[in-house]
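Read the structure below first, then the notes.
If you read the sequence from its start, that first residue is 1, and numbering goes on from there.
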Amino acid sequence: MGRQLTELIEAAPWREAVTYRDTWPHEYVLSEKDDQRDLLAAVCARFHASEGVTGRFFRMSNTYLFVGDHKYWLMTDYRKISPLAGEDNYVINRARLYRDRRDFVIQPGDTGRHDDYPTSPATQPID
């Protein structure tokens with residue numbers, strides 16, 4: 001088997017998603033453009049092994065993988081990806097953990113800034 005997931009994460013050329021710098025700060029890499037097919041395959045393998053956690057970003061449900069101080073997610077449903085085929089350029093995202101309920105449910109009124117946390121508890125169920 002190839003390199004460990006943590007080695008792939010450390011070697012990836014993460015770049016800031018500047019459009020979201022002030023609201024939902026995160027980083028990303030592209031599977032093809034950044035030659036990160038192995039990272040994509042490793043993340044997808046973890047999701048297929050049921051290591052992902054379902055969370056909600058406002059109304060959108062997504063699967064997140066928690067590794068170290070970050071959570072990782074894909075813009076495309078992992079079940080629809082053939083990671084090593086090299087056919088499409090997939091986005092692999094990561095964000096630092098908040099270490100509170102926002103790691104699982106982002107709700108209306110939340111801006112994404114660490115110090116601007118809504119006071120009411122999340123009420124939206126996670127699908």
For residues Leu74 and Leu40, determine if any side-chain heavy atom of one lies less than 4.5 Å from a side-chain heavy atom of the other.
yes
Closest contact, heavy atoms only, Arg94 versus Ile9
NH1-CG2, 3.6 Å
Check whether any side-chain heavy atom of Pro25 sits under 4.5 Å from a side-chain heavy atom of Glu16, and report yes or no.
no
Can Leu39 and Leu5 be said to form a side-chain contact (heavy atoms from CB on, under 4.5 Å), step by step?
CA-CA 7 Å; Leu39 175 58; Leu5 176 61; 3.8 Å; yes
With a 4.5 Å cut-off on side-chain heavy atoms, are Trp14 and Asp34 touching?
no
Shortest non-hydrogen separation from Asn89 to Lys33 and the atoms involved:
OD1-N, 3.1 Å
Can you say whether the rings of Trp73 and His26 are parallel (under 30°), tilted (30 to 60°) or perpendicular (over 60°)?
tilted
Assess whether side-chain contact (heavy atoms from CB on, under 4.5 Å) is satisfied between Val53 and Lys71, documenting all intermediate values.
CA-CA 10 Å; Val53 176; Lys71 69 178 179 180; over 6 Å; no
State the CG-OG distance between Asp77 and Ser61, to the nearest 0.5 angstrom.
9.5 Å
If I compare all heavy atoms of Val29 with all of Ala12, which pair ends up nearest, and what's the gap?
CG1-CB, 4.2 Å
In this structure, CG of Leu65 is separated from CZ of Phe47 (nearest 0.5 Å) by 5.0 Å
To the nearest 0.5 Å, what is the distance between CG (Leu8) and CG (Asp38)?
6.0 Å
For Met60, does the CE atom sit with more than 12 other heavy atoms under 6.0 Å from it, leaving out its own atoms?
yes
Do Tyr28 and Arg15 make a side-chain contact, defined as non-hydrogen atoms from C-beta onward lying under 4.5 Å apart?
yes
Would you give the length of the straight line joining atom NE2 of His70 to atom CG of Asn93, rounded to the nearest 0.5 angstrom?
11.5 Å
Measure the spacing between OG of Ser82 and NZ of Lys80 and express it to the nearest 0.5 Å.
14.5 Å
Atom pair OH (Tyr90) and CZ (Arg37), whose distance is rounded to the nearest 0.5 Å:
12.5 Å
Could you give me the CA-CA distance, side-chain angles and deciding distance for Val91 and Leu30, then say whether side-chain contact (heavy atoms from CB on, under 4.5 Å) is met?
CA-CA 5 Å; Val91 179; Leu30 301 170; 3.6 Å; yes
Kindly indicate, with the supporting measurements, whether the criterion side-chain contact (heavy atoms from CB on, under 4.5 Å) is fulfilled by Val43 and Tyr78.
CA-CA 9 Å; Val43 169; Tyr78 68 93; over 6 Å; no
With hydrophobic residues grouped by side-chain heavy-atom distances under 4.5 Å, do Phe66 and Met75 end up in a single group?
yes
